[in-house]
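Keep in mind that the numbers below use all heavy atoms, side chains included, and drop hydrogens, waters and symmetry copies.
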Amino acid sequence: MTPRSPAEPHRAATPLELLFDLCFVVAVSQAAAQLRHALAEGHIGEGVLGYAMVFFAIWWAWMNFTWFASAYDTDDVPYRLLTLVQMTGVLVLAAGVRDAFDSYDFGLVTAGYVIMRVAMIPQWLRAAAADPPGRPAALRYAVGITVVQVGWVARLALPHPGDYIGFAVLVAAELAVPAWAESGGRQTSWHPSHIAERYGLFTIIVLGEVLLATLAGIRTSVTEHGLSTALLVVVIGGLILVFGMWWIYFAGPGPRLPSLRAALTWGYGHYVVFASVAALGAGLEVTVEAVEHRGHLTETATAWTVAVPVALYLLVLGPLHRLVRSGAVAHLALVVAGPVVVLALAALAGPLTLEGAVLGMGVALALSLTANLVLIHRRSCRTGGRTE
């Protein structure tokens, strides 16, 4: 298992990586579905907390495999088998999501997570044996993963609220492992453009899950009540939001990851990006139910379930893209203006009506995107088409 060159031309996602992503989206869809159920029943605090905890397990296991594969994807039989074990782990995790939300039983979620993470240990040990220059980092990864997984299993025995404290400590430990493993010049040979592509592809897949989940809610409403004007307006506003979020993510040239610090910031920041996209699907489903008078939330509270994910997405993605100089957000004012307007529209959902607020959010996002594209075009003209 020798490292692949970080300058390898035409490096693209493999069929195994794409299958890996699809398995993870199963878990994402389960987390979003349970968030929708919690929001619809008015259990907002418990639902958001459970969603954040479950989504961390999904995102962190996905991220760690993605970066490992960027450096050591040999695609031989042991590599494939261990990757398939990780896919099995995420399906186990997905099966336990409902228990985690309904009864705070994280046993199955933890089991699935530990399966995914433990499967990475022999991968790193193989890399340590075959790649002498990368051995220090690989061994640190193997040790760090092993120690933290013992902690996750031990956390199950902690009484409440000690389990929350244990979760926070273990999250910090997980996030510290890559920085510790790759410190002191031990950096693995991940491929910058491959990493950027993998994150972009997963964003597209999660956006697709949002459309699928929203379509399911719309189909139920149309079957029971027919297509009302309010529902049609929500559909239009929701589509503009999803399409606008995709366009903003991929506006401008692709991201450049010149350093480990920039790469880790980019990778860690995508926890909010991915979680916000999936949460938007839950919010749109709750909105569809509300306009058909099947929800338990007020119009304003329902509007927040859409506005907050969109605002978080914009607030985090803007600085991330400016950090890697991708050009996706041409001016910092747009980073603030878009979320402020979206949140203000949610607060005015009463006088605007819920469907009017959602449509307004879509229009606000489209206008923000348009202004950004104009600024990108003007900057490109000033620099003669060169990337700054």
With distance as the sole test, does [X] use its side chain to make a donor-acceptor pair with the main-chain N or O of [Y] at under 3.5 Å?
X: T83; Y: Y79; answer: yes
X: S189; Y: S5; answer: no
X: H37; Y: A33; answer: no
X: Y313; Y: M245; answer: yes
X: S70; Y: H191; answer: yes
X: E182; Y: T188; answer: yes
X: T305; Y: A301; answer: no
X: S368; Y: A364; answer: no

For this session: Determine, step by step, whether Q34 and R98 satisfy the side chain to side chain contact (heavy atoms under 4.5 Å, CB included) criterion, reporting the C-alpha distance in whole Å, the side-chain angles of both residues, the deciding distance to 0.1 Å, and the verdict.
Result: CA-CA 7 Å; Q34 293 305 312; R98 184 170 182 175; 3.9 Å; yes
For this session: Apply side chain to side chain contact (heavy atoms under 4.5 Å, CB included) to the pair F202 and F24, showing each step before the final yes or no.
Result: CA-CA 9 Å; F202 199 72; F24 270 73; 4.0 Å; yes
Side-chain atoms of residues 165-178: list all donor-acceptor pairs with protein atoms under 3.5 Å, sequence neighbours left out, distances to 0.1 Å.
from	atom 1	to	atom 2	distance (Å)
E174	OE1	W60	NE1	3.0
E174	OE1	R117	NH2	3.3
E174	OE2	Y113	OH	2.5
E174	OE2	Q149	NE2	3.1
E174	OE2	W152	NE1	2.9

Kindly give the heavy-atom pair with the smallest separation between [X] and [Y], and that separation in Å.
X: V85; Y: A119; value: CG1-CB, 3.9 Å
X: P122; Y: L82; value: CG-CD2, 3.7 Å
X: F101; Y: G47; value: CE2-O, 3.4 Å
X: A303; Y: M361; value: O-CE, 3.6 Å
X: A357; Y: L352; value: N-CB, 4.3 Å
X: R126; Y: P78; value: NH1-CB, 3.6 Å

Distance from [X] atom [atom1] to [Y] atom [atom2], nearest 0.5 Å?
X: W59; Y: T66; atom1: CH2; atom2: OG1; answer: 11.0 Å
X: D73; Y: R11; atom1: CG; atom2: CZ; answer: 5.5 Å
X: T146; Y: L125; atom1: OG1; atom2: CG; answer: 7.5 Å
X: Q30; Y: L93; atom1: CD; atom2: CG; answer: 10.0 Å
X: F243; Y: L241; atom1: CZ; atom2: CG; answer: 10.5 Å
X: F20; Y: Q86; atom1: CZ; atom2: CD; answer: 4.5 Å

Test of understanding: clusters of I, L, V, M, F, W, Y form through side-chain heavy atoms closer than 4.5 Å, transitively. Do [X] and [Y] belong to the same one?
X: I115; Y: M53; result: no
X: L108; Y: V97; result: no
X: L158; Y: F106; result: no
X: W190; Y: L201; result: no
X: Y164; Y: F56; result: yes

Exercise. In terms of the angle between their ring planes, are Y51 and F55 parallel, tilted or perpendicular, with boundaries placed at 30° and 60°?
Worked result: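 Correct class here is tilted.
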Exercise. What orientation do Y249 and H270 show, parallel under 30°, tilted 30 to 60°, or perpendicular over 60°?
Worked result: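 It falls in the perpendicular class, over 60°.
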Indicate yes or no: at least one non-hydrogen side-chain atom of [X] is less than 4.5 angstrom from one of [Y].
X: F68; Y: Y141; value: no
X: S228; Y: V291; value: no
X: D163; Y: Y104; value: yes
X: I145; Y: Q123; value: no
X: H194; Y: E17; value: yes
X: R198; Y: W67; value: no
X: T203; Y: W246; value: no
X: I58; Y: W62; value: no

Problem set entry | Those residues that, when tested against D105, pass salt bridge (Lys or Arg N to Asp or Glu O under 4.0 Å) (two or more places apart) |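 Not a single residue meets the salt bridge (Lys or Arg N to Asp or Glu O under 4.0 Å) criterion with D105.
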For this session: Apply side chain to side chain contact (heavy atoms under 4.5 Å, CB included) to R140 and W180, showing your working.
Result: CA-CA 8 Å; R140 285 192 175 196; W180 171 62; 3.1 Å; yes
Exercise. Could you walk me through whether V26 and L91 pass the side chain to side chain contact (heavy atoms under 4.5 Å, CB included) check?
Worked result: CA-CA 7 Å; V26 172; L91 296 177; 4.2 Å; yes
Exercise. Are there more than 12 heavy atoms of other residues, nucleotides or ligands under 6.0 Å from atom CZ of R135?
Worked result: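 More than 12 heavy atoms, drawn from other residues, nucleotides or ligands, come within 6.0 Å of this atom.
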Exercise. Please, which pairs that meet salt bridge (charged side-chain N to carboxylate O under 4.0 Å, His left out) have at least one residue in residues 342-371, sequence neighbours excluded?
Worked result: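 Passing the test, one end in residues 342-371: no pairs.
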